[in-house]
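What follows is a single structure, written as structure tokens, with notes after it.
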Amino acid sequence: MIVKIKKPKKYAVAKNAALLAAFGLIGSLSLAKANDELIKLEKEPGQWVMQNKNYANTRYSELNQINTKNVSRLRLAWSFSTGALRGHEGGPLVVGTTMYVHSAYPNHVYALDLTQKPYAIKWQYTPVQNSQAVAVACCDVVNRGLAYANGKIFMVTLDGQIIALDANTGKELWKTKHADVTKGETLTGAPLVVKDKILVGVSGGEFGVRGRVGAYDINTGNRVWLAYSQGPDEEVLLDSDFNKEFPKHGGPGDGTKTWPGEQWKLGGGTTWGWYSYDPALDLFYYGTGNPGTWNAEQRKGGDNKWSCTIFARRPDTGKARWAYQMTPWDAWDYDGINEMILPDLTVKGKKTPCLVHFDRNGFGYVLDRRTGQLIEAQPFVYVNWAKEISKENDRPVEIPEKRTKQGVDTKGICPNSMGGKDQQPAAFSPQTGLFYVPTNNMCMNYEGVEATYTAGAPYVGANVLMYSGHEGKDDYYGAFICYDALKGKRVWEIHEHFPVWSGPVVTAGGLAFYGTMDGWFKAVDIKTGKVLWQQKLGSGIIGNPITYLGPDKKQYVAVYSGVGGWFGIAVAQNLPPDDPYAGLGAVGVAYQAGLPKATTIGGELYVFSLE
């Protein structure tokens with residue numbers, strides 16, 4: 001249900017919050033209402049109130065009206081144009097009887113009344129933006145979605161704004177600035193509401209941007225805290241018990257001393273991926289991106305912490321409880337921003353609160369989310385840059401000839417910089433205890449080149465040529481897989497010609513829904529991987545499907561169509577094939593795979609139901 005919220009007096013909420021925090025009363029009084037509301041709503045199968053369904057990022061729905069026996073009868077119920085023709089990532093929200101739809105730049109937002117068949121537009125909103133943001137957006141002008149809490153819709157804009165809207169009327173309640181486009185900073189990641197705060201990261205790792213996450217009061221827009229990915233401890237916000245159980249993972253001072261000189265000030269580690277939260281532990285989790293530049297020799301002198309890192313932080317203060325770096329002294333652009341899924345798994349006969357993360361570096365990690373203890377780490381795709389993750393020091397055992405160098409074209413590195421998977425989120429089914437993962441199957445040649453920093457200009461430092469998996473031997477570029485994270489093994493897989501850039505939804509009906517970059521929307525049996533239904537859509541799919549109950553109590557499945565993102569930038573931006581290194585290597589591999597002949601630009605929401 002959407003409730004109109006009376007706008008509070010400026011600063012009153014922040015002041016009261018500070019007083020309550022001092023007396024330990026936050027959890028029981030009004031400023032926890034957003035958290036309480038979302039915890040309640042995430043458990044309602046008929047609604048979809050967070051981008052990945054719930055705080056645990058499982059992307060699992062308990063709905064089962066549509067199931068393995070009847071999914072063949074799925075038909076298009078209605079569609080809706082978003083008014084934008086670039087890559088459409090993320091998915092819509094459904095709160096009560098209203099669906100909230102977003103678009104790529106210029107970041108339109110629509111509220112659709114689902115009580116009107118098929119819908120009626122309640123309101124629409126388009127923010128005023130600085131168009132310079134388009135020129136500095138690294139890998140398409142995408143937006144990964146909206147957030148909801150306490151009668152408000154929260155959005156971020158490509159040019160760095162955070163905006164709160166009245167969910168019922170679309171009225172702008174407040175807006176604030178979090179990123180500066182003149183420095184190459186943009187906002188593309190979906191925000192997350194925890195308690196009375198909206199958590200927001202930053203994009204721009206290819207522009208020498210210093211990564212950070214900020215917390216803003218949901219009622220006023222005032223910033224509460226800001227935590228950097230590297231730098232002095234007081235700016236990284238390390239808590240007094242940081243990594244106390246596993247000091248080998250790093251400790252105080254590493255945010256500067258693992259970098260040469262003051263390179264940490266241009267250190268990347270941006271935070272544009274997905275966020276999750278454990279209310280019981282009161283910790284939120286996210287990953288940081290590649291260090292700046294891509295030329296590792298310009299960063300020689302240490303691990304470059306805390307880039308390519310999983311962080312666990314306390315939402316009230318931003319203080320880091322633990323951190324684990326997956327790719328020390330990254331030399332391949334293996335961002336660590338992919339989603340953190342929070343299942344409880346049986347480890348050595350004991351139910352354990354886990355964090356599961358499928359990283360760009362090709363390894364699937366299982367950690368104890370209480371302490372950061374590494375439980376398991378195995379490759380979920382073909383990996384040849386490292387032999388394994390050492391069980392002694394929890395670090396990769398690198399293959400020396402695959403470490404990239406300045407002035408040397410290192411060939412046949414797998415996976416490529418797009419990773420074993422990019423941001424497209426995986427899903428977890430408690431029915432099977434297995435993970436459903438959209439993956440890439442690509443390799444690359446990589447040459448480090450010297451980069452010079454100029455604010456707002458690209459600060460990349462590498463020439464990258466990309467091609468298909470197994471050093472170019474494969475004839476497919478992606479796969480949708482079912483994966484056992486504790487055993488480190490694939491259960492089944494579906495080869496797709498293009499990378500699978502769509503995060504699946506899995507359901508109690510025994511189905512997984514996902515899309516392909518050439519526009520096929522598919523439903524598969526989660527136990528066998530058999531394709532039970534598919535429908536060709538108007539453009540390639542890089543969005544994440546959702547499922548919900550309409551006011552008529554029927555189950556619906558919805559997904560965005562609109563090709564783009566890193567792999568799809570050649571189509572989204574109509575780039576010519578002349579330079580295979582363009583688009584950070586995406587142009588060459590997209591033309592090699594044939595994507596420009598397989599789909600065209602679009603921007604549409606499709607909604608399906610049983611006939």
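Nothing fancy with the numbering, it's 1 onward along the sequence.
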Side-chain donor or acceptor of [X] paired with backbone N/O of [Y] under 3.5 Å:
| X | Y | value |
| --- | --- | --- |
| Thr547 | Tyr556 | yes |
| Arg313 | Phe284 | no |
| His357 | Glu339 | yes |
| Glu89 | Val142 | no |
| Trp566 | Gly583 | yes |
| Trp225 | Pro315 | yes |
| Ser561 | Leu537 | no |
| Gln161 | Val128 | yes |
| Tyr148 | Leu93 | no |
| Trp274 | Ser276 | no |

Should [X] and [Y] count as side-chain neighbours, where that means a heavy-atom distance under 4.5 Å?
| X | Y | answer |
| --- | --- | --- |
| Val607 | Ser79 | no |
| Asn64 | Thr507 | no |
| Val213 | Tyr286 | yes |
| Trp48 | Leu549 | no |
| Pro545 | Ser502 | yes |
| Ser609 | Gln555 | no |
| Ser417 | Tyr334 | no |
| Ile546 | Asn544 | no |

* Report the C-alpha separation of Trp123 and Leu165 in whole Å, then their side-chain angles, then the decisive distance to 0.1 Å, and conclude whether the side-chain contact (heavy atoms from CB on, under 4.5 Å) test is met. => CA-CA 11 Å; Trp123 55 260; Leu165 306 172; 3.9 Å; yes
Electrostatic pair [X]-[Y], nearest N-O below 4.0 angstrom:
| X | Y | answer |
| --- | --- | --- |
| Asp335 | Arg360 | yes |
| Asp217 | Arg223 | no |
| Asp316 | Lys197 | yes |
| Lys177 | Asp159 | yes |
| Arg212 | Glu185 | yes |
| Arg73 | Glu611 | no |

To the closest 0.5 Å, what do you measure between [atom1] ([X]) and [atom2] ([Y])?
| X | Y | atom1 | atom2 | result |
| --- | --- | --- | --- | --- |
| Phe498 | Asp518 | CZ | CG | 5.0 Å |
| Arg144 | His88 | CZ | NE2 | 13.5 Å |
| Leu187 | Thr270 | CG | OG1 | 11.0 Å |
| Met340 | Asn57 | CE | CG | 9.5 Å |
| Asn219 | Ile198 | CG | CD1 | 11.5 Å |
| Tyr119 | Phe80 | OH | CZ | 5.5 Å |

Measure from the ring center of [X] to the ring center of [Y] and say whether it is less than 6.0 Å.
| X | Y | result |
| --- | --- | --- |
| Tyr459 | Phe207 | no |
| Tyr55 | Tyr277 | yes |
| Phe435 | Phe358 | yes |
| Tyr100 | Tyr110 | no |
| Tyr216 | His178 | yes |

So does [X] have more than 12 non-hydrogen atoms from other groups sitting under 6.0 Å from [atom1]?
| X | atom1 | value |
| --- | --- | --- |
| Lys171 | NZ | no |
| Lys554 | NZ | yes |
| Lys536 | NZ | yes |

* To do: Please step through side-chain contact (heavy atoms from CB on, under 4.5 Å) for the pair Asn338 and Asp422, ending with a clear verdict.
  => CA-CA 7 Å; Asn338 294 351; Asp422 202 354; 4.3 Å; yes
Do [X] and [Y] get their side chains close enough for a donor-acceptor pair, meaning under 3.5 Å?
| X | Y | value |
| --- | --- | --- |
| Thr98 | Lys122 | yes |
| Glu206 | Trp294 | yes |
| Asp140 | Gln573 | no |

* Asked: Distance under 6.0 Å and angle within 45° of the ring axis: does Arg75 meet both against Phe608?
  ->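 Checked: cation-pi criterion not met.
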* Criterion side-chain contact (heavy atoms from CB on, under 4.5 Å) on Thr188 and Tyr105, from CA distance to verdict -> CA-CA 10 Å; Thr188 58; Tyr105 183 86; over 6 Å; no
* Take Asp36 and Lys195 through the salt bridge (charged side-chain N to carboxylate O under 4.0 Å, His left out) test and state the conclusion after the steps. => CA-CA 8 Å; Asp36 294 343; Lys195 299 184 180 179; over 6 Å; no
* To do: Could you check Met418, Gln424, Lys421, Met442 and say which one makes a side-chain contact (heavy atoms from CB on, under 4.5 Å) with Pro499?
  =>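 Going through the options one by one, the only one that passes is Met442.
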* Asked: Ile542 and Gly562: which non-hydrogen atoms are nearest, and at how many Å?
  ->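 Closest approach of Ile542 to Gly562: CG1-O, 3.6 Å.
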* Of all heavy-atom pairs between Gly568 and Met517, which one has the smallest distance, and what is that distance? ->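 Between these two residues, the closest heavy atoms are N-CE, 3.8 Å.
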* Evaluate side-chain contact (heavy atoms from CB on, under 4.5 Å) for Trp501 paired with Gln423, printing each intermediate quantity in order. => CA-CA 8 Å; Trp501 219 268; Gln423 58 75 32; 3.7 Å; yes
* Begin with the C-alpha distance, continue with both residues' side-chain angles, and end with the deciding distance and a verdict on ring-ring contact (aromatic ring centres under 6.0 Å, His included) for Tyr477 and His497. => CA-CA 5 Å; Tyr477 295 78; His497 184 69; 5.6 Å; yes
